[in-house]
Undergrad: 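There's a structure below that I have some questions on.
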Amino acid sequence: MHRVAWLIQVEGASPNSILAVTFTNKAAAEMRGRIETLLGIPGSAMWIGTFHGLTHRLLRLHWRDAGLVQAFQILDSEDQARLLRKVLKALNLDETRWVPREILWFINAQKDEGLRAKHLKDNGDPTRHQLIRIYHAYEEACQRAGVVDFAELLLRAYELFQGNASLLHHYRSRFQHVLVDEFQDTNAIQYKWLMLLAGPAGLPFAVGDDDQSIYRWRGARVENLNQFRRDYPQAVLYKLEQNYRSTGTILKAANALIANNAGRLGKNLWTSGEDGDRVKLYAAFNERDEADFVVGRIRDWVARGGSRREVAVLYRSNAQSRVFEEAFLNARVPYRVYGGLRFFERAEIKDALAYLRLVASRADDNSFERVVNLPARGIGAKTLDVLRDLARVHGTSLWHATEIAVRESLPQRAAAALTSFVQLIDKLAVEIAGLELHEQVDHVIGVSGLIEHFKKEKGERGEGRVENLLELVSAARGFSPEGETDMQPLESFLAHAVLESGEGQADPYADCVQMMTLHTAKGLEFPVVFLAGMEDGLFPHQRSIADLASLEEERRLCYVGATRAMRQLYITYAEQRRLYGVDQYGQPSRFISELPPELIEEIRPRLQVSRPAFVKRGAMPEESPSTGGMRMGSHVRHGKFGEGVVLRFEGSGPHAQVHVNFERVGMKVLVLSYANLQVM
DNA sequence: TACTATTTAATTTTT
DNA sequence: TTAAATAGTA
């Protein structure tokens with residue numbers, strides 16, 4: 001941001017000549033806002049946005065040159081999967097052999113590399129041959145339907161520049177200054193696009209950190225950093241090693257951890273600030289104990305004057321959030337979970353949008369299929385099969401196929417149902433013409449019967465869905481299209497809904513504990529950070545352990561997590577964890593042993609675990625009696641039974657029980673206060 | 001065709 | 001455990 005300010009204020013660059021690109025809408029919005037504050041001028045002359053946002057803008061402006069229809073729609077991942085399934089069905093392929101998710105992965109990976117089906121060779125591999133064939137069919141289906149997926153936005157924009165010298169020349173001379181954030185996350189096609197735009201004589205400016213590259217699995221290439229230096233030998237490298245965020249201890253720990261990775265560009269963070277507390281390590285008995293520990297520490301923090309929003313609980317996978325949510329709920333600690341499904345990805349919202357899309361463009365087969373029988377109006381799989389066949393034979397949309405079907409080949413009942421659906425959409429189109437955007441949305445969700453349909457859904461779920469639909473109306477009310485587009489408000493709202501899936505900006509000021517995955521935490525900072533679930537198999541994840549490159553990515557993820565912390569860093573793991581309904585006994589994460597021991601302070605577990613949920617609050621003693629450091633797995637001696645291993649604790653207080661497996665006599669359940677066990 | 005019961009499989013995520 | 005996909009029944 002200061003670079004932009006410098007360019008404009010000192011070097012006298014025109015705001016028009018600046019293009020700045022980031023990965024998330026949030027980052028783009030922040031960048032724009034801060035530049036405006038910094039310069040005191042509106043940022044609208046500059047192109048600031050995400051890769052997808054900017055390429056989308058380009059394609060809207062030059063849709064004809066890009067080989068698209070003017071009203072092209074964007075598919076989100078779910079729509080994409082839907083379309084692919086249809087393609088697979090049309091090709092008569094078995095979904096158990098040709099798994100849609102894997103094929104989607106393949107197609108997206110190719111696009112991320114800038115490769116189209118026609119560029120690929122099967123090398124005599126029949127599986128690959130088939131994949132390429134599917135990719136071909138998928139491309140055709142997209143083209144026919146006038147839709148582009150996320151990866152396609154970038155690929156198209158690249159091809160647009162590559163195949164159109166005068167256009168490229170125009171943008172090259174306009175954007176003298178190309179700036180990129182989070183450069184380590186760029187994939188092949190993004191890099192190619194940027195280099196094409198900047199040109200060999202250009203002066204692109206990139207900011208990145210190879211140690212924070214955590215998206216290799218979705219096509220990001222750290223190598224782009226080195227490639228950049230080869231492509232621009234005149235480029236100057238600045239290392240920003242002084243850190244103004246974390247304490248010295250946290251930085252030392254993070255440096256030690258990341259030093260285990262090979263092939264880094266290399267840097268060593270330092271601070272002029274104080275060392276601060278040691279990293280605290282807690283070994284929990286199980287995932288509940290882990291959550292209770294975190295809750296307890298947060299209470300302490302708050303009791304000492306801290307606020308909850310300063311605390312973040314970070315975990316490797318979303319499934320881990322549940323236990324924490326329960327614990328927070330129990331302890332009445334407000335929290336907020338980031339991630340999960342976003343507003344515009346909710347089923348009911350997508351249903352409403354599908355109605356709107358269909359009204360805007362009848363040829364939108366995806367939307368047609370989504371809502372033709374929602375609410376249920378007697379149009380089932382059979383009828384749809386007929387429609388799909390007709391559409392394929394005649395090479396038209398499903399909408400058009402209904403006309404033929406109603407005339408020719410349908411039973412009375414289905415024909416009547418279809419007719420009423422067609423009339424409904426036509427009626428909606430007439431009725432909303434000329435209305436304000438939010439009135440259009442309001443009208444459609446009411447008249448389509450969606451509201452009624454979700455009201456019938458039992459329980460809170462239905463209520464929530466209705467609320468979300470109403471929220472969609474307010475979202476429409478607050479929507480103002482940006483940029484110089486000549487699109488209809490409705491169209492531009494629909495595109496916005498796909499590109500900006502709507503990370504709920506709900507009450508950012510609420511004082512909540514923040515919960516999110518490590519990936520989501522990148523770019524954020526918190527005074528207190530808990531890295532939870534630090535067990536081998538969970539973090540590093542089981543699927544990343546065998547392969548060195550993936551393991552290093554996990555280590556970078558851990559590095560990212562640790563460096564989120566400003567003052568306090570807690571690391572916790574559970575000796576026993578119930579995952580997917582099965583109990584597992586894991587080892588502490590190997591990353592823990594990579595931290596210098598002198599930076600770590602181990603916190604001994606208190607003894608009274610097992611089922612805190614069944615114990616009344618307040619009934620729990622602060623300290624349990626005479627356990628003398630005994631814990632699960634401890635070797636103990638009993639006066640009569642001899643030596644054994646502690647397997648489990650149950651209950652608390654004077655009746656707390658302990659399960660011990662003795663060498664001579666096997667399993668025994670003993671009352672702790674009478675057993676007189678001796679820890680060995 | 002609509003609804004309910006059963007089976008199945010399971011990182012990480014933005015756009 | 002749980003959500004989603006599929007099979008089975010009214």
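Numbered from 1 within each chain, the chains take letters A, B, ... in sequence-line order.
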Undergrad: May I ask you to say what Asn25(A) touches in the nucleic acid, namely base, sugar-phosphate or nothing, with a heavy-atom cut-off under 4.0 Å?
TA: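 Result for Asn25(A) = sugar-phosphate.
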Undergrad: Tabulated below should be each protein N or O lying under 3.5 Å from an N or O of nucleotides 1-3 of chain B; please produce it.
TA:
| from | atom 1 | to | atom 2 | distance (Å) |
| --- | --- | --- | --- | --- |
| dT1(B) | OP1 | Gly380(A) | N | 3.2 |
| dT1(B) | OP1 | Thr383(A) | OG1 | 2.9 |
| dA2(B) | OP1 | Gly378(A) | N | 2.9 |
| dA2(B) | OP2 | Asn373(A) | ND2 | 3.2 |

Undergrad: Which residues satisfy the side chain to side chain contact (heavy atoms under 4.5 Å, CB included) test with Val69(A), sequence neighbours excluded?
TA: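 Residues passing side chain to side chain contact (heavy atoms under 4.5 Å, CB included) with Val69(A): Phe72(A).
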Undergrad: In whole Å, I'd like the distance from the CG atom of Asn187(A) to the C1' atom of dT13(B).
TA: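 Spelled out: CG on Asn187(A) to C1' on dT13(B) is 13 Å.
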Undergrad: Residues in ring pair (Phe, Tyr, Trp, His ring centres under 6.0 Å) with Phe150(A), at least two apart?
TA: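 Checked Phe150(A) against ring pair (Phe, Tyr, Trp, His ring centres under 6.0 Å); matches are His52(A).
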Undergrad: Checking Arg377(A) now: which residues fulfil side chain to side chain contact (heavy atoms under 4.5 Å, CB included) with it, not counting sequence neighbours?
TA: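 Arg377(A) satisfies side chain to side chain contact (heavy atoms under 4.5 Å, CB included) with Tyr355(A), Asn373(A), Pro375(A), Ile379(A), Phe421(A), Leu424(A) once adjacent residues are dropped.
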Undergrad: Could you work out, with salt bridge (charged side-chain N to carboxylate O under 4.0 Å, His left out) as the rule, every residue matching Asp211(A), not counting sequence neighbours?
TA: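 For Asp211(A) the salt bridge (charged side-chain N to carboxylate O under 4.0 Å, His left out) partners, ignoring immediate neighbours, are Arg264(A), Lys267(A).
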Undergrad: Test: salt bridge (Lys or Arg N to Asp or Glu O under 4.0 Å). Region: residues 539-552 of chain A. Which pairs qualify, not counting sequence neighbours?
TA: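 Qualifying pairs, neighbours excluded: Arg216(A)-Asp547(A).
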Undergrad: Where does DNA chain B pair, written as one dot-bracket string 5' to 3', with Watson-Crick or G-U pairs under 3.5 Å, ( ) inside the strand, [ ] for crossing pairs and | for another strand?
TA: ||||||||||.....
Undergrad: From CZ of Arg322(A) over to P of dA3(C), roughly how many Å is that when rounded to an integer?
TA: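 The answer, rounded to whole Å, is 6 Å.
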Undergrad: Sort me out a list of protein N/O and nucleotides 10-12 of chain B N/O pairs below 3.5 Å, or just none if empty.
TA:
| from | atom 1 | to | atom 2 | distance (Å) |
| --- | --- | --- | --- | --- |
| dT11(B) | OP1 | Tyr580(A) | OH | 3.2 |
| dT11(B) | O4' | His541(A) | NE2 | 3.2 |
| dT12(B) | OP1 | Asn318(A) | N | 3.0 |
| dT12(B) | O4' | Arg316(A) | NH2 | 2.9 |
| dT12(B) | N1 | Arg316(A) | NH2 | 3.4 |
| dT12(B) | O2 | Arg316(A) | NH2 | 2.4 |

Undergrad: Excluding sequence neighbours, so at least two apart, what forms side-chain hydrogen bond (donor to acceptor under 3.5 Å, both in side chains) with Glu139(A)?
TA: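 Glu139(A): side-chain hydrogen bond (donor to acceptor under 3.5 Å, both in side chains) contacts with Arg116(A).
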Undergrad: Rounded to whole angstroms, how far apart are CD on Glu182(A) and C1' on dT15(B)?
TA: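 For the pair Glu182(A) CD and dT15(B) C1', the rounded distance is 15 Å.
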Undergrad: Sequence neighbours excluded, which residues qualify as side chain to side chain contact (heavy atoms under 4.5 Å, CB included) partners of Asn224(A)?
TA: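 Checked Asn224(A) against side chain to side chain contact (heavy atoms under 4.5 Å, CB included); matches are Phe183(A), Thr186(A), Tyr191(A), Arg221(A).
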Undergrad: To the nearest Å, how far apart are Glu287(A) CD and dT1(C) P?
TA: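 Roughly 11 Å, once rounded to whole Å.
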Undergrad: Could you state the CZ-P distance from Phe150(A) to dT15(B), rounded to the nearest angstrom?
TA: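 That distance rounds to 8 Å.
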Undergrad: Once side chain to side chain contact (heavy atoms under 4.5 Å, CB included) is applied, do any residues pair with Asn25(A), and if so which ones, sequence neighbours excluded?
TA: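 If we apply the side chain to side chain contact (heavy atoms under 4.5 Å, CB included) test to Asn25(A), skipping adjacent residues, the hits are Thr50(A), Glu500(A).
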Undergrad: Under 6.0 Å from the ring centre and within 45 degrees of the ring axis: does the NZ or CZ of Arg555(A) meet both conditions for the six-membered ring of Tyr559(A)?
TA: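 Ring-cation test returns no.
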Undergrad: Of all residues at least two apart in sequence or in a different chain, which pass the ring pair (Phe, Tyr, Trp, His ring centres under 6.0 Å) check with Tyr158(A)?
TA: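 If we apply the ring pair (Phe, Tyr, Trp, His ring centres under 6.0 Å) test to Tyr158(A), skipping adjacent residues, there are no hits.
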Undergrad: Can you tell me how far P of dA4(C) sits from CD of Glu345(A), to the nearest Å?
TA: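 The distance from CD of Glu345(A) to P of dA4(C) comes to 12 Å, rounded to the nearest Å.
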Undergrad: Round to the nearest Å and state the distance from Glu325(A) atom CD to dT1(C) atom P.
TA: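 Value for this atom pair: 16 Å.
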Undergrad: Any salt bridge between Arg465(A) and Asp351(A), counting N to O under 4.0 Å?
TA: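 Judged by the 4.0 Å cut-off on N to carboxylate O distance, Arg465(A) and Asp351(A) do not form a salt bridge.
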Undergrad: What's the CZ-P distance between Arg82(A) and dA4(C), to the nearest Å?
TA: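 Rounded to the whole Å, the gap is 12 Å.
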Undergrad: Does dT11(B) fall in syn (glycosidic angle within 90° of 0) or anti?
TA: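 Classified syn.
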